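Here the structure comes first, spelled out in structure tokens, and everything after it is commentary.
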Amino acid sequence: MRVLCGSTSKSLADDLAKLLDTECIQATVKRFPDGEGYVRFEQESLEKEAIIVQNSYPDSNFVELLLLHDAARGLGVEKVTCVIPYFGYARQDRRFNTGEALSAQVMLRHLAVEADRVITVDLHKPDILRWFPKPGVKDVTAAPAIGHYFSDKGIDLVLAPDKGASQRAAEVAHVIGCDNDHLTKTRLSGTEVKITPSKVDARGKKVLIVDDIISTGGTIVAATNELKRLGALKVCAACTHGLFVSGALERLNTVCDQVLSTNTLESPVSKISVAEEISKAL
Ligand code: R5P
């Protein structure tokens with residue numbers, strides 16, 4: 001079973017192919033002058049089963065994902081396991097206001113037209129996978145990979161920026177063998193968050209903040225400022241999905257001692273591979 005990939009997640013697809021002792025085939029991906037996508041696997045044929053690794057974010061990559069499936073099927077693939085390292089629209093998991101689209105459900109329903117199985121990584125709410133109407137769905141956690149990376153980096157405390165992320169912080173701390181705790185976060189707007197003054201014991205400690213997503217960086221900046229106020233010696237931040245929009249990485253580098261993400265989205269700091277976790281799920 002070979003690993004096929006498009007224009008996203010190339011390094012992850014390569015890592016995965018190595019672990020599975022198979023070949024990674026990258027599609028030729030082009031854009032027509034009007035912006036429409038084009039994909040082609042330059043092969044004569046493929047085996048009956050394949051793994052496709054491709055992000056569904058931003059929107060154009062979701063279209064590319066569907067095209068990759070069709071290109072593979074045209075070469076003889078009958079069963080596709082689709083690995084979506086960063087699944088876009090996962091956060092719109094309900095109709096928060098009347099008249100809104102239930103985006104996560106829409107994406108999974110349309111994905112099921114092409115894919116037979118789906119593997120995702122650290123979905124904001126893994127429960128959304130119930131909307132993929134076929135058996136064989138799995139959300140894998142990047143916590144062991146993040147924990148292993150930091151296990152020899154002298155971390156004293158792993159912190160979640162809010163209670164909802166505390167299970168992840170506990171898993172990372174367990175791998176490192178240190179304490180964990182959480183802060184309390186209130187979201188004020190898409191870019192602003194407030195961290196409630198905390199009694200977390202951070203004085204003189206090297207603290208690692210872990211979250212599923214860093215988008216604008218507002219959460220990590222506010223959490224880091226609170227930890228510095230509490231006397232933390234060093235503050236590192238790690239996330240599964242580094243979106244780093246609107247110059248977030250540059251802003252974070254001015255307040256944090258280190259910022260890292262996994263390779264579900266490629267960036268200059270995507271140094272932690274989740275290939276092993278995905279290969280176990282496969
Ligand atoms: C939200 O609940 C997520 O877990 C992240 O904390 C959030 O997406 C981070 O966004 P930002 O970097 O814009 O604060």
Side-chain angles (χ1 to χ4, degrees), residues 55-59 84-97 100 102-104 107 120-129 139-143 145-147 157-173 180-198 200 207-229 235-270 272 274:
N55 283 335
S56 61
Y57 165 91
D59 294 2
I84 308 184
Y86 180 67
F87 184 86
Y89 291 98
R91 285 176 285 182
Q92 183 78 16
D93 64 332
R94 62 191 171 96
R95 298 186 207 274
F96 296 93
N97 296 293
E100 287 179 352
L102 187 42
S103 313
M107 302 305 279
T120 53
V121 184
D122 276 343
L123 282 174
H124 191 60
K125 290 199 184 137
D127 193 36
I128 63 168
L129 286 178
D139 184 56
V140 306
T141 170
I146 295 173
L157 175 67
V158 179
L159 261 194
D162 54 42
K163 202 172 175 195
S166 54
Q167 176 61 28
R168 180 176 302 105
E171 286 174 40
V172 172
N180 70 92
D181 209 331
H182 68 86
L183 297 169
T184 304
K185 169 177 113 175
T186 312
R187 182 160 286 287
L188 305 175
S189 70
T191 53
E192 278 178 297
V193 298
K194 181 174 157 255
I195 297 284
T196 307
S198 161
V200 164
V207 185
L208 171 65
I209 311 171
V210 286
D211 209 350
D212 56 343
I213 300 169
I214 298 179
S215 180
T216 65
T219 299
I220 300 294
V221 168
T224 303
N225 287 339
E226 174 61 6
L227 287 167
K228 294 263 166 95
R229 187 189 71 79
V235 180
C236 305
C239 67
T240 306
H241 311 297
L243 288 167
F244 302 124
V245 303
S246 318
L249 197 50
E250 292 68 28
R251 210 164 41 252
L252 285 165
N253 279 328
T254 64
V255 292
C256 298
D257 293 284
Q258 188 179 22
V259 181
L260 282 180
S261 80
T262 77
N263 57 352
T264 61
L265 290 158
E266 290 180 6
S267 78
V269 296
S270 54
I272 305 170
V274 287

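Ligands are counted one by one from 1 in listed order, and the atoms in each one are counted from 1 as well. As the structure is a computational prediction, the values presented were derived from the model and not from experiment.
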Could you tell me whether R229 and E226 make a salt bridge, using a distance below 4.0 angstrom between a side-chain N and a carboxylate O? yes
Backbone N/O of F96 and side chain of E100: donor-acceptor pair under 3.5 Å: yes
(Q) Test your reading of the model: is there a side-chain donor-acceptor pair from R95 to the backbone of N97, 3.5 Å cut-off? (A) no
Residue pairs meeting ring pair (Phe, Tyr, Trp, His ring centres under 6.0 Å), one or both in residues 246-265, sequence neighbours left out, come to none
Contact set, ligand 1, heavy-atom distance under 4.0 Å, ordered by chain/number, equals R91, H124, K185, R187, D211, D212, I213, I214, S215, T216, G217, G218, T219
By salt bridge (Lys or Arg N to Asp or Glu O under 4.0 Å), D162 pairs with (sequence neighbours left out) K185
ring-ring contact (aromatic ring centres under 6.0 Å, His included) filter on Y57, not counting sequence neighbours, yields Y86
